[in-house]
Number of protein chains: 2
Amino acid sequence: MTRPTSRDVATAAGVSQATVSLVLGGKWPGRVSERTASHVRETATRLGYRPNLAARNLRLGSTRTALLVVPALTNEFFARVYTGAARVAAEHGFGVVLYPSPDGTGPARDPFASARAALDGVIASSMAAHALQAIGGDTLPLVMLDSDPAAAGSAAHVNLAMADGMRQVTEHLLALGHRRFLHLASAVDSWTFHARAEALSTLLGPDTELRTVRSPLTPDGARTAMQAALAAPQGRPTAIVCDDDILAAGACKAARRLGLRVPEDLSVTGFDDLALATAVEPELTTVHLPAERVGEQGMAALLAVLEGTPWTAPDIPVTLVVRDSTGPAPTP
Amino acid sequence: MTRPTSRDVATAAGVSQATVSLVLGGKWPGRVSERTASHVRETATRLGYRPNLAARNLRLGSTRTALLVVPALTNEFFARVYTGAARVAAEHGFGVVLYPSPDGTGPARDPFASARAALDGVIASSMAAHALQAIGGDTLPLVMLDSDPAAAGSAAHVNLAMADGMRQVTEHLLALGHRRFLHLASAVDSWTFHARAEALSTLLGPDTELRTVRSPLTPDGARTAMQAALAAPQGRPTAIVCDDDILAAGACKAARRLGLRVPEDLSVTGFDDLALATAVEPELTTVHLPAERVGEQGMAALLAVLEGTPWTAPDIPVTLVVRDSTGPAPTP
DNA sequence: CAGCCGAGGTAATACGTATAACGTGACCAG
DNA sequence: CTGGTCACGTTATACGTATTACCTCGGCTG
């Protein structure tokens, strides 16, 4: 009725529990004869034996499980980060369990208890990193994703080359003749967005104009923000640099409602390169962020930390993908 | 150096380990004095004590952890299912760990080992349900999502009212005067899509025309499928019923490339009501599927099964959301 | 024939927790 | 003064596994 234990297998096979453990653990070269080994294996499968992970974890003192802290999985970017992390984890016999930190305000409840399993380490996305440290996450090996390198201190971190991405955006737009910019920025206050904003303002020359509007990461948020910004009496921006494809899509829509054509009257760029970017029309010019690679490197970094190996890696490169939402600046 | 155990707390507080366990477990009304209880609590926090989950799980014989098997998290629908399941789980002190079954072809590797923790139960989305049973998932309490009620047998299942959703779609389109339909169906061979196809073909009257084209769930897939279908010499369909918003968005795009306006020349409907549906233009008329509720009910069903309570619930209702991608059938 | 060795196993133990079963005084009733 | 009860804890044990240390016995060496 109840699940068979290694001892059940042992008695059924007429050997000791230790032998079962040795055989199934693959630790029997020279300790157990081939004959009994195969007999044990056969008995185990016959009984449908599955090792009790809780017991094994207790014994080994390690669960081979990492906690990934992300704001929201419904954001495709983080879903892809998870996918990458889970893949690398699986290759090393690790598992990944998720802790969604609501609204990027940091963990609402104790993530270490919420993860029902004991944890070997933590991978935290930028929005939650410091909040996590405050809770005491630093008692566990920690890897931070897209976090301020200065604040990260000694902790391993995996960053995207956000500033370089912004450089590619501005160079593209400047080459197209744009001089009046609107930065449609995320309302979330994380290093990622801070780094982008800073890069943008330093990259633009003195003969340019830059306004910034912050908006929640929803299409509606983008639309209302845009309406306010474009309705302003003074010279309209000709290029909208958005922190996110969702914002960019909303911006395109808002522009068209105001009678502006994209990209003829207005150029729009995004970040992330979500599936959305090629689903809308015009297809978005956007900075492709290799989200899976962020997850992969995050997990790789954690594995390195767990082994005691020092871990460093250059920022993950990002590339601007030019599509149909950007064009030459309109001539007045 | 190493993490403190309950025994460490006990010696530090000058009591026995059992007392620590009782106090921290909240089982001390009348067994421990208020004075020592608070002293123990204080010592525990001072030492930064965290219970070893592996040990607790072993002792209790339960991990309060469920496995959620879904095809891919990057599909917003399943990300939302997870979110709902995780919320209800958290309310009951449960955790949810994910097993992404690649391509809906079923688990590639043993999911029970991949989940590094012992499991209390499994919630499997339709695509993987039977594959899961084949592996031996039926040794664990099982809840199936969107699976064939006939095949589900005695297992608890949570289904969306797909047939009713399709009814709403067809009624809407028929009322608009459409008679020639194209079903842009998913290439995935699951009950969900089978149920929809069957519903569609039985709901359409004899004076109508229905063709079916299957396509992978990507924008490009939809585009090529559409091009083939609309280029056909015989009478073009005036309404495209898509199994998915992604397909619908692709269909709209393909139509426009062929010089057809949506919805004036061609009506398009979707399923799911993803964020995409309101991001594209025209905004999609689509069947809203309450994905979070699927997750919530799935978890609730599992909790009921674990308690031995019989669990049944009516199909989760779905509602057609009429937006801008459907309109009156063109008059020839 | 004593001694030894290696092959093939087994017995014992620890991991950290939750809980059932069992003290132990103090205080009070008889 | 004795027995009982209650308040407050403690001792002991089990969960299922991995691993260390030990055992046994046949064969081989000297």
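Since this is a predicted model, take the numbers as computed values, not measurements. Below, chains carry the letters A, B, ... as their sequence lines are ordered, and counting in each starts from 1.
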>> Taking 4.0 Å as the cut-off, does a side-chain nitrogen or oxygen of A/Thr5 come that near to OP1 or OP2 on D/dG16?
In response: no

Please determine whether a side-chain nitrogen or oxygen atom of B/Lys27 lies at a distance below 4.0 Å from atom OP1 or OP2 of C/dT19. yes

Atom-pair distance ([atom1] on [X]; [atom2] on [N]), nearest Å:
{"X": "A/Trp28", "N": "C/dG8", "atom1": "CH2", "atom2": "P", "value": "11 Å"}
{"X": "A/Arg56", "N": "C/dG16", "atom1": "CZ", "atom2": "C1'", "value": "18 Å"}
{"X": "A/Leu53", "N": "C/dC15", "atom1": "CG", "atom2": "P", "value": "21 Å"}
{"X": "B/Leu24", "N": "D/dG9", "atom1": "CG", "atom2": "P", "value": "15 Å"}
{"X": "B/Arg50", "N": "C/dG16", "atom1": "CZ", "atom2": "P", "value": "17 Å"}
{"X": "A/Leu58", "N": "C/dG16", "atom1": "CG", "atom2": "P", "value": "7 Å"}

Under-3.5 Å donor-acceptor pair between A/Gln17 side chain and D/dA18 base: yes

DNA chain C nearest-nucleotide lookup for A/Leu60 and A/Val15: closer to the 5′ end is A/Val15

Taking side chain as C-beta onward, heavy atoms only, is [X] less than 4.5 Å from [Y]?
{"X": "A/Pro51", "Y": "A/Ser6", "answer": "no"}
{"X": "A/Leu142", "Y": "A/Ile123", "answer": "no"}
{"X": "B/Leu160", "Y": "B/Pro290", "answer": "yes"}

Between B/Phe77 and B/Asp272, the two heavy atoms sitting closest are CB-OD2, 4.1 Å

For A/Val96 and A/Ala86, the nearest pair of non-hydrogen atoms, with its separation, is CG2-CA, 3.9 Å

Which nucleotide in [options] has an atom nearest any side-chain atom of [X]:
{"X": "A/Arg31", "options": "D/dT19, D/dG16, D/dA21", "answer": "D/dA21"}
{"X": "A/Arg59", "options": "C/dT17, D/dT10, D/dT17", "answer": "D/dT17"}
{"X": "B/Thr19", "options": "D/dG9, D/dG16, C/dA11", "answer": "D/dG9"}
{"X": "A/Ser16", "options": "C/dA11, C/dC15, C/dT19", "answer": "C/dA11"}

If we count only N and O atoms by modelled type, under 3.5 Å, do the side chains of B/Asp120 and B/Thr65 hold a donor and an acceptor together? no

With a sphere of 6.0 Å drawn around CZ of B/Arg41, does it hold more than 12 non-hydrogen atoms of other residues, nucleotides or ligands? yes

One should read off an interatomic distance between A/Glu292 CD and A/Ile316 CD1, to the nearest 0.5 angstrom, of 11.0 Å

Within residues 6-13 of chain B, those residues having any heavy atom closer than 4.0 Å to DNA chain D are none

Residues in residues 32-49 of chain A with a heavy atom under 4.0 Å of DNA chain D, by number, are A/Tyr49

Q. Charged N to carboxylate O below 4.0 Å: is that the case for A/Glu42 and A/Arg46?
A. no

